[in-house]
Novice: 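Let me give you the structure first, and then I'll get to my questions.
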Amino acid sequence: MKNTLSQELGAARAGGLYRSMRSLFSRQGREVLLEGRRVLNFCSNDYLGLAGDERLSAAAVESSARYGFGGGASRLVCGNSEEHLLLEHELARFKGTEAALVFSTGYMANVGIIPALCGREDTVFSDRLNHASIVDGIILSRAHMRRYRHLDMQDLERCLQNSGKHGRKLVVTDTVFSMDGDVAPLGELTRLARRYGAWVMVDEAHAFGLFGPGGAGMVQEAGVAERVDVQMGTLSKAVGACGGYVAGSRELIDYLVNRARSFIYSTALPPAVAAAIRAGLGIMRAEPERRARVLFLAGRLRTELRRAGFNTMESVTPVIPVLIGDTFKARIFSEKLMEQDILISAIRPPTVPSGTARLRITVTALHLEEDIVRLVAALVNVRDQLA
Ligand SMILES: *Cc1c(COP(=O)(O)O)cnc(C)c1O
């Protein structure tokens, strides 16, 4: 075993694909302390700057003083607390759905929801660039997986036409794509799904908190909530806490409570985490200027990067890729930025298709305009060094 594993890791190293972790010695924020070094952080998904906010930690402290910390058991056994109910009520009200359900993470939501809804006889239509947790959910479900070309509605229609008459059909898509920052054409996608009798599920991980009225999501921004059966998202990104949610009809939620294995067979989210999420949601609603600010800064950064000749792909959100292409070059870019105390990770295959290695930049509400200027100058400087 030992030899085989180290051989594989050796090959990953040789291919520039080896992954390892670095540790923070500070809270999340605009600047973080990374292994003794203070760096400007352009790679978190903490879009509204809430992950390090004291109000979230205070809510968790207060709640754990009352309920203790551990979840104790599955929600269906004795792990369900008042905190979970309050949170799910609030989420449903905010999303404008009959009900909502919280999972321990967004990943667990996807690997729970899809296999609950689809099985061997069914077909799931999935954008090629959907998040790994969606792909894993489809694999676990044993349903047929039809991957259509990224954002290509003609290809989706072809797939829908060519699938058999039997079984359920589910179309699933990220609304904002996590590595590209582009957006699914929800109007056309939901029309097609309806025409071919398919259900629709969306993953709002990078949209919740940023788009739509109050940050409710891209589904609300596009005005297609009526035509989306399953609205999933995460509480770990813009909300600054941890957890995944699904919002939909009462029937859907009751069904998932009975069928989603990652919900049934896993210990309840600690009540204090539910309290921290509610604090995050509260700030999200009370301080809409955070959302406005991150969207403004993202627009500014995209404009300046394009002006400087970088390829930011089709990004229209605070997820801004800078396409490099070559895997090694992307990593060297990231290392050279680190020499200038700027933290941006190189995203390499298999997270993105081979030949499309990139820097993935994310801006947050905590960044300053001077940070954007500094970042663009640093990128230009590294490009010149590598030319
Ligand atoms: C991050 C992410 C998830 C997983 O959410 P976690 O709460 O981090 O587990 C799911 N889908 C997409 C599109 C994501 O970007």
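In this chain, residues are counted from 1 in sequence order. If you're wondering where the values come from, they're calculated on a predicted model, not measured in any experiment.
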Novice: Kindly say whether Ile344 contributes a backbone atom to a donor-acceptor pair with the side chain of Ser334 at under 3.5 angstrom?
Specialist: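 At least one qualifying donor-acceptor pair exists.
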Novice: Going by an N to O cut-off under 4.0 Å, is there a salt bridge joining Arg30 and Asp371?
Specialist: yes
Novice: Could Arg191 and Glu188 be called an ion pair, given the rule that one side-chain N must be under 4.0 Å from one carboxylate O?
Specialist: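 Looking at Arg191 and Glu188, the cut-off is met.
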Novice: So, Thr190 side chain and Gly187 main chain: donor-acceptor pair closer than 3.5 Å or not?
Specialist: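 It does hold such a pair.
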Novice: So for atom CZ, which belongs to Arg194, do other residues, nucleotides or ligands contribute more than 12 heavy atoms lying within a distance under 6.0 Å?
Specialist: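 Counting other residues, nucleotides and ligands, CZ of Arg194 stays at 12 neighbours or fewer.
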Novice: Do other residues, nucleotides or ligands put more than 12 heavy atoms under 6.0 Å from Glu314 CD?
Specialist: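 Atom CD in Glu314 is not crowded, with 12 or fewer foreign heavy atoms closer than 6.0 Å.
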Novice: Is a side-chain N or O of Thr173 found less than 3.5 angstrom from the main chain of Thr175, in a donor-acceptor match?
Specialist: no
Novice: Supply the atom-to-atom distance Ile342 CD1 to Leu379 CG, rounded to the nearest 0.5 angstrom.
Specialist: 7.0 Å
Novice: Would the distance check show the side chain of His367 and the main-chain N or O of Asn41 forming a donor-acceptor pair, the cut-off being under 3.5 Å?
Specialist: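 Here the side-chain-to-backbone pair exists.
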Novice: Quick one: does NZ or CZ of Arg146 land under 6.0 Å from the six-membered ring centre of Phe125, within 45 degrees of the ring axis?
Specialist: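 Pair Arg146/Phe125 does not count as cation-pi.
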Novice: Indicate, with yes or no, if the rings of Phe94 and Phe208 have centres closer together than 6.0 Å.
Specialist: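 Phe94 vs Phe208: aromatic centres under 6.0 Å.
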Novice: Under 4.5 Å between any side-chain heavy atoms of Ile113 and Met201, yes or no?
Specialist: yes
Novice: Would you say Arg383 and Phe310 make side-chain contact, with heavy atoms under 4.5 Å?
Specialist: yes
Novice: How long is the span from the CZ atom in Arg149 to the SG atom in Cys159, to the nearest 0.5 Å?
Specialist: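 Those atoms lie 8.5 Å apart.
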Novice: In terms of hydrophobic clustering (I, L, V, M, F, W, Y; side-chain heavy atoms under 4.5 Å; direct or indirect links), are Phe211 and Tyr47 co-clustered?
Specialist: yes
Novice: Less than 4.0 Å between a side-chain N and a carboxylate O, is that true for Glu335 and Arg331?
Specialist: yes
Novice: Checking side-chain contact (heavy atoms from CB on, under 4.5 Å) against Lys237, which of Leu50, Thr362, Asn45 comes through?
Specialist: Asn45
Novice: Let me confirm one number: the NE2-SG distance from His144 to Cys118, rounded to the nearest 0.5 Å.
Specialist: 11.0 Å
Novice: Is the number of heavy atoms from other residues, nucleotides or ligands under 6.0 Å of Glu251 CD greater than 12?
Specialist: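 No, the 6.0 Å shell around CD holds no more than 12 heavy atoms from other groups.
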Novice: Would you find more than 12 non-hydrogen atoms of other residues, nucleotides or ligands less than 6.0 Å from Arg128 atom CZ?
Specialist: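 Check passes, neighbour count above 12.
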Novice: Using a 6.0 Å distance limit plus a 45 degree cone around the ring axis, check whether Arg259 lies over the aromatic ring of Tyr255.
Specialist: yes
Novice: Would you say Asp122's side chain and Arg168's backbone share a donor-acceptor pair under 3.5 angstrom?
Specialist: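 Yes, the answer is positive, given that a donor and an acceptor are paired below the 3.5 Å cut-off.
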Novice: With a 4.5 Å cut-off on side-chain heavy-atom distances among I, L, V, M, F, W and Y, is there a chain of contacts connecting Ile324 to Val376?
Specialist: yes
Novice: May I ask you to decide whether Arg300 forms a salt bridge with Glu304, counting only side-chain N to carboxylate O separations under 4.0 Å?
Specialist: yes
Novice: Within a 6.0 Å radius of atom CZ on Arg142, are there more than 12 heavy atoms belonging to other residues, nucleotides or ligands?
Specialist: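 It does not: Arg142 CZ has 12 such atoms or fewer within range.
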Novice: Please report the C-alpha distance between Arg66 and Glu62 in whole Å, then the side-chain angles of each, then the deciding distance to 0.1 Å, and finally whether the salt bridge (charged side-chain N to carboxylate O under 4.0 Å, His left out) criterion is met.
Specialist: CA-CA 7 Å; Arg66 176 161 174 180; Glu62 203 174 296; over 6 Å; no
Novice: Just checking, is any N or O donor in the side chain of Asn3 or Gln7 under 3.5 Å from an acceptor N or O on the other one?
Specialist: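 There is no such pair between these side chains.
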Novice: Nearest 0.5 angstrom please: Cys43 SG to Leu343 CG, how far?
Specialist: 3.5 Å
Novice: Is it true that the side chains of Gln231 and Thr97 contain a donor and an acceptor less than 3.5 Å apart?
Specialist: no
Novice: Between Glu88 and Arg75, does any NZ, NE, NH1 or NH2 come within less than 4.0 Å of an OD or OE carboxylate oxygen?
Specialist: yes
Novice: Regarding His131 and Tyr107, do their side chains bring together a donor and an acceptor under 3.5 Å, going by distance alone?
Specialist: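 Per modelled atom types, His131 and Tyr107 side chains form no pair under 3.5 Å.
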Novice: Indicate whether any N or O donor in one side chain lies under 3.5 Å from an N or O acceptor in the other, for Tyr196 and Gln161.
Specialist: yes
Novice: Ignoring hydrogens and geometry, is there a side-chain-to-backbone donor-acceptor pair from Glu98 to Ser249 under 3.5 Å?
Specialist: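 Checking the backbone N and O of Ser249 against the side chain of Glu98, no donor-acceptor pair under 3.5 Å is found.
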Novice: Keeping the roles fixed (side chain from Ser64, backbone from Ala60), state whether a donor-acceptor pair exists under 3.5 Å.
Specialist: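 Confirmed, Ser64 side chain pairs with Ala60 backbone.
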Novice: If you apply the rule side-chain contact (heavy atoms from CB on, under 4.5 Å), what do you find for Asp174 with Asp127, and how did you get there?
Specialist: CA-CA 8 Å; Asp174 287 16; Asp127 187 292; over 6 Å; no
Novice: side-chain contact (heavy atoms from CB on, under 4.5 Å), that's the test. Do Arg290 and Thr364 meet it? Break it down for me.
Specialist: CA-CA 8 Å; Arg290 287 176 181 264; Thr364 77; over 6 Å; no
Novice: Is there a path of hydrophobic side-chain contacts, each under 4.5 Å between heavy atoms of I/L/V/M/F/W/Y residues, joining Ile347 to Phe328?
Specialist: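 Per the 4.5 Å side-chain linkage, Phe328 and Ile347 are not co-clustered.
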Novice: Does the pair Asp229 and Leu252 meet the rule for a side-chain contact (heavy atoms from CB on, under 4.5 Å), with working shown?
Specialist: CA-CA 8 Å; Asp229 304 283; Leu252 170 72; over 6 Å; no
Novice: Is a donor on one side and an acceptor on the other found under 3.5 Å between the side chain of Glu35 and the backbone of Ser23?
Specialist: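 Yes, the answer is positive, given that a donor and an acceptor are paired below the 3.5 Å cut-off.
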Novice: Consider only side-chain heavy atoms of I, L, V, M, F, W and Y, link residues closer than 4.5 Å, and tell whether Val219 and Val246 are in one cluster.
Specialist: no
Novice: Does a donor on one side chain and an acceptor on the other come within less than 3.5 Å for Arg306 and Thr312?
Specialist: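 Indeed, the side chains of Arg306 and Thr312 share at least one donor-acceptor pair under 3.5 Å.
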Novice: Indicate if Met145 and Leu160 have the same hydrophobic cluster label, given that clusters are the connected sets of ILVMFWY residues with side-chain heavy-atom separations under 4.5 angstrom.
Specialist: no
Novice: Show your working on side chain to side chain donor-acceptor pair (under 3.5 Å) between Arg348 and Thr327 and close with a plain yes or no.
Specialist: CA-CA 6 Å; Arg348 297 164 288 171; Thr327 300; over 6 Å; no
Novice: Less than 4.5 Å apart, any side-chain heavy atom of Leu323 and any of Thr356?
Specialist: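 Contact flag for Leu323/Thr356 side chains = yes.
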Novice: Below 4.5 Å, heavy atoms only, C-beta onward: do Leu170 and Thr123 meet side chain to side chain?
Specialist: no
Novice: Please confirm whether the backbone N or O of Leu76 pairs with a side-chain atom of Asn80, one donor and one acceptor, at under 3.5 Å?
Specialist: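 Between the backbone of Leu76 and the side chain of Asn80 there is no qualifying donor-acceptor contact (under 3.5 Å).
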Novice: With under 30° as parallel and over 60° as perpendicular, where do the rings of Phe263 and Phe103 fit, or are they tilted in between?
Specialist: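 Answer is perpendicular, since the angle exceeds 60°.
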Novice: Could you give the distance from CG (Leu359) to CD1 (Ile361), rounded to the nearest 0.5 Å?
Specialist: 6.0 Å
Novice: Roughly how far, to the nearest 0.5 Å, is OH of Tyr148 from CD of Gln154?
Specialist: 14.0 Å
Novice: Consider side-chain contact (heavy atoms from CB on, under 4.5 Å). Of Val322, Val382, Asp326, which one does Phe333 pass it with?
Specialist: Val382
Novice: Can you tell me if Thr234 uses its side chain to pair, donor with acceptor, with the backbone of Gly243 under 3.5 Å?
Specialist: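 It does hold such a pair.
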Novice: Does the side chain of Gln28 come under 3.5 Å of the side chain of Ser44 through a donor N or O and an acceptor N or O?
Specialist: no
Novice: Between the side chains of Arg195 and Glu157, is the shortest nitrogen-to-carboxylate-oxygen separation below 4.0 Å, so that they form an ion pair?
Specialist: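 Looking at Arg195 together with Glu157, the answer is yes, because their closest N to O distance falls below 4.0 Å.
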Novice: Classify the side-chain pair Asn130/Asp203 by whether it contains a donor and acceptor separated by less than 3.5 Å.
Specialist: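 There is no such pair (donor and acceptor under 3.5 Å, judged by atom type) between the side chains of Asn130 and Asp203.
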Novice: One pair to check against side-chain contact (heavy atoms from CB on, under 4.5 Å): Met313 and Arg358. What are the steps and the verdict?
Specialist: CA-CA 10 Å; Met313 306 175 74; Arg358 67 199 66 175; 3.9 Å; yes
Novice: Does Arg285 pair with Glu90 as a salt bridge, N-O distance under 4.0 Å?
Specialist: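 Yes, charged N to carboxylate O under 4.0 Å.
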Novice: Is it the case that atom CD in Gln385 sees more than 12 heavy atoms from other parts of the structure closer than 6.0 Å?
Specialist: yes
